[in-house]
Each structure stands twice: as C-alpha cells, then as structure tokens.
Amino acid sequence: MMQPVNRAAASVTVIDRDMIRASGATQIVDLLRLVPGFQVSGATIGSPHLVAYHGQSDLLQRGLEVMVDGASVYSSFLTVDWQTLGVALEDIERIEVLRGGGAPTYGYNAFTSTINIITRKPIASTGVYAGGLAGSRNTRSATARYGAADGALEYRLTGKFEETDGNRDRSDGWQFGTLNFRGQVGLGYSDELDIDLSGTYGEFDVNADLPIAQPDAVRDSRTDRQRLRWTRTLDTDRDVYVQFYRQYSNQDDRENLGLLSEITGLPPGAIPTLFDGRSDQAIEAGWYTYEEERHDLEVQYRDYESGSVSWVLGAGGRQESIKSAETFESDRWKRDNSYRAFAQASIPLSEQWLANIGGVLERGDLYDTGASYRVGVNYFPSPDHTLRLTYSHAERKPTLFEEYFNKAFYFDDGGVLVQLTSSQGGLEPEELDVIDVGYIGQLFNNALLVDLRLFYERLDNQIRSTTDTTSTFPGYLNNGVEVWYEGRVGVDTWGLEGQLKTEPWQSAQLSFQFAFLRSEDRYDPIETGLASRENHVPDTTLSLLLSQSLGHQLDASLVYYYLDDMSWNGDATLGGPSTIKSTHRLDVRIAKQLGQHWLVEGIAQNLASRYEEGIRGESAQDPRYLLRVSAQY
C-alpha cells in the first residue's frame with residue numbers, strides 16, 4: 001500500500017536517489033550496506049556477493065525476497081546474481097527494504113526481509129544519458145540511455161556493459177552486458193500498460209572455494225525477464241492491476257577436471273580393473289549448471305483512501321521449472337506449481353491508534369497449505385512520534401533445488417563416480433516468528449530522524465545437512481555423503497537496530513545505521529552433532545554516510561562500514577577457518593558538476609580493508625580507485 005513509513009506495519013528503510021548518488025556505489029549490492037541489520041560479504045563459489053539480514057546465510061542466500069518493480073527476481077537455485085538483475089544503477093529511483101519476516105503480500109520467500117528495487121518511470125528519465133567508469137583492477141563500465149514520450153507512449157531504453165578482474169589471488173571477476181526497455185502506454189483515461197523487458201549476458205569467474213574440484217572455472221550466464229502490468233484506476237485512491245512476468249536463466253560452469261587417472265592418482269592401466277571395465281576418461285563437473293524458468297500471474301485490488309480503512313486483496317499463481325543433469329541426476333524438468341491468496345488492511349482505531357493486519361495462504365506441489373501473517377498496532381502520541389508493536393509468523397517452503405538436490409560426479413556412461421550431496425526430500429517449511437517494538441520520531445524541531453527497532457526472532461525447522469559416512473549411495477569414491485534434511489532446530493536472535501539521520505551542520509547530511517545482535521542455538525550441538533549457528537550472527541553491524549556540499553557545484557562524501565566477526569558458509573578457503581575477522585571499509589567520493597549537463601566523480605573504495613591472501617569475505621577486498629564521468633541532455 002501507499003502509506004507513510006510511520007504508518008507501515010513493519011520497519012522500512014528507503015534508499016533514495018540522493019543516498020545512491022552520495023554513496024559512490026558502483027554496484028546495487030553495495031547500497032544494502034546502508035540498511036540496518038544487513039550484512040554484505042565478499043564472493044563465494046556461487047556469486048561475487050552474499051547478502052543477509054541478521055546473518056544466518058550460506059552461499060545460497062535463502063529466504064531473501066528480491067524484486068524489481070514488484071516482480072520477484074531471486075533464483076529457484078536459491079542464489080541472487082546481483083549482476084544479472086537487468087537494472088542499471090543509473091535507472092533506480094529508490095530501494096525499499098522491509099526489515100523482518102512475514103511480509104503478507106510478497107509470498108513465501110519474503111522470509112527474513114524483502115527488497116524492492118524501484119526504477120524511475122520513463123517520463124522521469126527522458127533525453128540522452130551517457131556515462132563511463134574506469135579504474136583499478138581493470139574495472140570499467142559504459143552506460144547509454146535514451147528516453148522519450150511519443151503520444152500515449154513513454155519509454156526508456158538503457159544499455160550497459162561492465163567488467164572487472166576482481167581481487168588479487170581470487171577468481172571473482174565478471175563481465176556483463178545488459179539491455180533494458182521500460183515503457184508505459186496510456187490506454188484511455190483510466191488504464192495504463194507497464195512493459196518491462198530486460199536481458200543480461202556475460203560470465204562470472206568461479207571462485208575457488210573448491211580449488212581441487214574446479215580450478216579457474218568460468219560460469220557463462222544468460223538471463224532474460226519480461227513483465228506486463230495492466231492497471232485500471234477506479235478512483236483517486238482505488239485501483240486494480242493484473243500482472244504477468246516471466247524469468248528465464250541459463251547458467252553453465254562445467255569444466256574438465258582431467259582424466260580419471262589424474263584425479264585418483266592411479267596408473268591409467270588400473271582404471272578398467274578398479275572401475276568395472278571403464279576406460280580412463282575425462283571427468284566433467286559443474287556446480288552452477290542449470291536452466292530455470294518462472295511464470296507468474298497476479299491480480300491485486302487496492303483501496304487506500306487516507307483517513308479510512310485501507311486494504312489490499314489479491315491472488316496469484318506461479319510455476320517454477322528447473323533442470324540440471326549435474327544437480328538433479330537427470331536432465332528432466334522439475335516443476336512446482338503454487339497458488340497464493342493474500343490480504344492486508346490498515347485500520348484506524350482512533351486519531352492515535354492504527355491497526356495493521358495481513359496474511360497470505362499458499363499451496364504448492366511441494367507442500368501443503370501454509371500461512372504467513374502479521375498483526376500489529378501503531379500508536380501516535382503526537383504528530384512527530386510513532387510507537388509500533390508487531391508480531392509476525394513466516395513460513396518458507398522448500399524450493400525445487402532443496403527438494404531434489406542430488407549432486408554427483410559422473411562417468412561418461414552416466415554411472416556415479418562420487419556422490420557428494422543428496423536431499424532426503426519431503427522437506428517441511430522453515431518457520432520464523434518475530435516480535436518487534438518500533439519507534440519513529442522527529443526530535444529537536446525535526447533536526448534528527450530516529451528509527452529504532454527492538455526485536456526477538458525465533459527461527460525454527462531450519463534445513464540442515466549431516467554427513468552420512470555409512471550411506472548406500474552409489475559411487476566408487478565415497479567417503480561420506482552430505483544429506484539435507486529438516487529438523488526441529490533453529491536459532492533465537494534478539495537485538496536493537498536503527499537509523500539516525502540529521503544535518504549536523506550547514507549543507508551536510510549524515511545517516512548512521514546500526515545493529516547490535518545476539519543469538520543462541522535452540523538445540524544442543526553436542527547432542528545433535530550439528531555445528532553451532534551462533535557465530536553466523538554478527539554482534540555488531542554499522543554504516544555511516546556523510547555528505548557535504550562544498551559550494552561551486554562541488555560535493556564530497558564519505559561512507560564507512562563495519563562488520564563484526566561472523567561465519568559465512570563457504571567463505572573460508574578449503575580447510576581454513578570459517579569465521580571471517582571483523583572488517584572495516586571506507587569509501588570516499590568527490591564530485592564536480594560541470595555546467596548543466598556533465599558530472600565528474602572520483603571514487604575510492606575499500607580504503608580501510610585488510611588484504612589477507614587466501615581468505616575470502618570482506619577482509620580480502622582490494623582498494624579501488626575509480627573515475628566516473630556522465631552527461632545528461
């Protein structure tokens with residue numbers, strides 16, 4: 001619903017164009033460091049970046065809903081490839097982040113938080129834009145955009161290319177090209193058609209988390225998305241829309257690991273004897289080799305008249321399809337058809353009290369009907385102060401990847417050389433219960449904005465893994481198979497997070513974000529044999545953005561990030577420590593506006609990072625020195 005932040009049912013952070021510009025960010029993912037409670041890590045084998053809210057993430061980034069203009073773009077493979085979203089940073093109007101689980105209208109993957117990247121409308125980006133960036137580690141990009149209005153049609157076409165070598169001694173570079181079309185067509189007085197088409201093609205250097213299995217691999221990537229939304233305005237504060245979107249992705253990182261004799265260290269002549277007559281042969285493997293497709297249809301009605309009951313009612317259906325011979329044992333499509341119905345209402349109880357209630361019912365091929373919901377009240381003791389008490393319950397159903405994961409290395413005849421991982425199937429949804437108390441206030445004659453959230457989270461029934469050393473899985477080289485299952489185990493997390501925004505002195509803007517967290521296992525690691533998850537939640541996460549106008553169309557800004565010790569699954573080198581040391585990052589930007597059209601920016605990133613050879617995560621980020629030039633006509 002369209003409503004002020006202080007009337008929302010949950011904590012919401014908005015990163016607007018001013019913050020985007022002042023941050024000097026060159027990647028969308030870096031902007032999420034400015035959200036209280038968010039952590040951003042360096043690369044793993046799956047992606048150049050990992051993003052989590054309150055930690056508890058591995059390289060698959062479970063439970064994070066990411067949308068572009070209201071259409072979900074996370075992968076069924078549980079990854080979020082931030083380079084392939086089909087959105088140029090220059091086209092973003094704002095990023096809205098709902099902090100906390102149980103987002104009623106966003107569906108099952110809105111588990112820990114929801115990120116909605118909202119792009120500029122075509123009418124707001126008319127004319128010609130051109131920009132380029134170049135700097136350290138062969139980092140460079142070029143962006144061109146043209147927007148216009150022609151009668152009832154308003155449109156924007158953006159093309160972008162970017163590449164980087166990544167960091168020293170790591171295979172984490174990428175190069176991508178993106179083409180995006182956004183159009184809005186007026187269909188009479190009350191109807192509008194919104195069209196969004198994008199395609200991204202390029203490659204990732206696959207990080208050597210498993211250097212023995214896949215040295216120097218490259219993942220070829222192709223993703224395209226199409227979204228159509230028809231909206232009819234029924235009245236000033238009422239509308240209905242029907243939206244359809246499709247997403248397709250093709251990823252391939254298969255590599256030749258060498259001859260079987262080279263892998264095992266055996267003489268070539270011994271291979272037929274030990275492997276049932278098979279010849280010495282090359283073994284191929286791919287960790288992120290798959291095709292996936294998503295079709296989604298949704299209808300929604302909104303009534304949001306100010307001062308009265310505002311409500312949303314909708315329903316939708318989705319088909320997820322994925323196939324991978326390397327991951328699912330066969331190249332047949334795995335499918336999940338799911339259906340959802342959702343509602344949300346904002347109910348004024350008096351001038352000082354507002355009730356918020358909402359929920360979603362979902363049912364799919366992989367799970368029975370489940371419900372996520374949120375209830376809360378907002379209290380307004382005065383126009384400048386808001387208190388909020390909310391309870392939410394969220395369920396995250398298993399994805400096709402989790403349900404059917406069956407990873408092995410194969411002979412060329414289809415036989416199993418070594419079984420690595422397998423899911424037991426029949427997984428139950430993960431559950432997250434959250435109680436939070438929020439405060440939003442304007443202090444000192446509106447000189448200071450304060451946004452605080454005190455919360456308790458109970459994460460239950462996590463999908464876990466255990467190593468089965470007595471497995472009966474087929475395979476010649478098995479020393480134990482990692483088996484995925486669900487168990488009644490989880491983690492309790494509680495803490496305080498928030499944001500302070502002020503103008504500390506003339507022509508300056510300061511934004512400070514913080515999160516102080518504590519966690520406790522809800523099981524005994526010794527009795528269960530499961531590793532503790534407490535160190536997956538960092539004690540402290542901080543970020544600060546300070547911008548200053550220096551006059552003469554010259555601006556400067558400084559951004560600082562701090563992330564306490566924490567464990568990111570897959571971050572450490574093979575056999576190395578799993579906990580990444582506390583890290584600091586300092587970025588500086590100086591910008592000069594030249595006349596009406598040109599902007600020149602000098603950007604330095606990662607100035608405070610410590611480079612440690614062989615360690616992943618933020619502590620292995622190289623400093624970057626970049627020059628960005630752009631023009632808008």
Side-chain angles (χ1 to χ4, degrees), residues 43-48 59 77 165-175 203-221 250-291 323-331 405-422 465 467-483 569-578 613-616 620:
T44 71
I45 191 173
S47 175
L59 57 89
F77 212 73
D165 286 348
N167 294 280
R168 286 176 292 164
D169 302 321
R170 291 169 61 188
S171 180
D172 63 347
W174 69 81
Q175 58 177 3
E203 62 182 32
F204 295 101
D205 293 334
V206 175
N207 298 278
D209 282 41
L210 297 173
I212 298 174
Q214 252 191 323
D216 303 320
V218 172
R219 172 157 62 104
D220 294 321
S221 173
N250 188 316
Q251 312 289 319
D252 190 342
D253 67 351
R254 280 173 296 189
E255 287 288 320
N256 187 330
L257 305 183
L259 292 173
L260 184 55
S261 59
E262 297 171 344
I263 295 172
T264 60
L266 297 170
I271 297 299
T273 302
L274 296 175
F275 294 98
D276 294 336
R278 292 182 174 89
S279 62
D280 193 15
Q281 58 189 263
I283 302 297
E284 287 192 343
W287 288 92
Y288 283 79
T289 297
Y290 61 92
E291 284 185 78
K323 70 174 181 178
S324 171
E326 288 77 7
T327 304
F328 302 126
E329 195 176 9
S330 74
D331 60 358
F405 191 31
N406 189 69
K407 183 65 183 178
F409 290 169
Y410 296 93
F411 296 105
D412 56 14
D413 63 4
V416 176
L417 171 62
V418 55
Q419 183 78 38
L420 301 173
T421 308
S422 180
S465 65
T467 301
D468 183 357
T469 58
T470 62
S471 71
T472 58
F473 287 96
Y476 288 81
L477 302 179
N478 288 338
N479 292 318
V481 175
E482 182 186 22
V483 179
N569 287 352
D571 257 353
T573 54
L574 199 64
S578 61
E613 184 176 354
I615 299 296
R616 305 213 185 304

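The structure presented is a predicted model; accordingly, all values stated were derived computationally and were not measured. Reckoned from all heavy atoms, side chains included, excluding hydrogens, waters and symmetry mates.
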Check your understanding: Checking Gln281 side chain against Asp412 main chain: does a donor-acceptor pair fall under 3.5 Å?
Key -> yes

Exercise for review: Begin from the C-alpha positions of Glu326 and Thr289 and carry the test side chain to side chain donor-acceptor pair (under 3.5 Å) through to its verdict.
Suggested key: CA-CA 7 Å; Glu326 288 77 7; Thr289 297; 5.0 Å; no

Exercise for review: Verify the neighbour count for atom CD of Glu284: are there more than 12 heavy atoms of other residues, nucleotides or ligands below 6.0 Å?
Suggested key: yes

Practice item. Taking Asp253 for its side chain and Trp287 for its backbone only, find out whether a donor-acceptor pair lies under 3.5 Å. Key: yes

Check your understanding: Looking at side-chain heavy atoms only, is the closest gap between Phe328 and Lys323 below 4.5 Å?
Key -> no

**Study point:** Those residues that, when tested against Tyr476, pass side-chain hydrogen bond (donor to acceptor under 3.5 Å, both in side chains) (two or more places apart)
**Key:** Asp276, Arg278

Check your understanding: Hey, does Asp205 have a side-chain heavy atom less than 4.5 Å from the side chain of Trp174?
Key -> no

Review point. Would you say Thr264 and Ile271 make side-chain contact, with heavy atoms under 4.5 Å?
Key: yes

Check your understanding: When you measure from the side chain of Glu262 to the backbone N and O of Leu260, does any donor-acceptor pair fall under 3.5 Å?
Key -> no

Point to revise | For Gln419, all residues meeting side-chain hydrogen bond (donor to acceptor under 3.5 Å, both in side chains), sequence neighbours excluded | key: Asn406

Exercise for review: Test side-chain contact (heavy atoms from CB on, under 4.5 Å) on Val483 and Phe473 and set out the steps.
Suggested key: CA-CA 11 Å; Val483 179; Phe473 287 96; 4.2 Å; yes

Exercise for review: Using side chain to side chain contact (heavy atoms under 4.5 Å, CB included) as the criterion, list what pairs up with Ala325, not counting sequence neighbours.
Suggested key: Asp331

Check your understanding: Looking at side-chain heavy atoms only, is the closest gap between Phe411 and Phe275 below 4.5 Å?
Key -> yes

Check your understanding: Does Leu257 reach the side chain of Phe409, with side-chain heavy atoms less than 4.5 Å apart?
Key -> yes

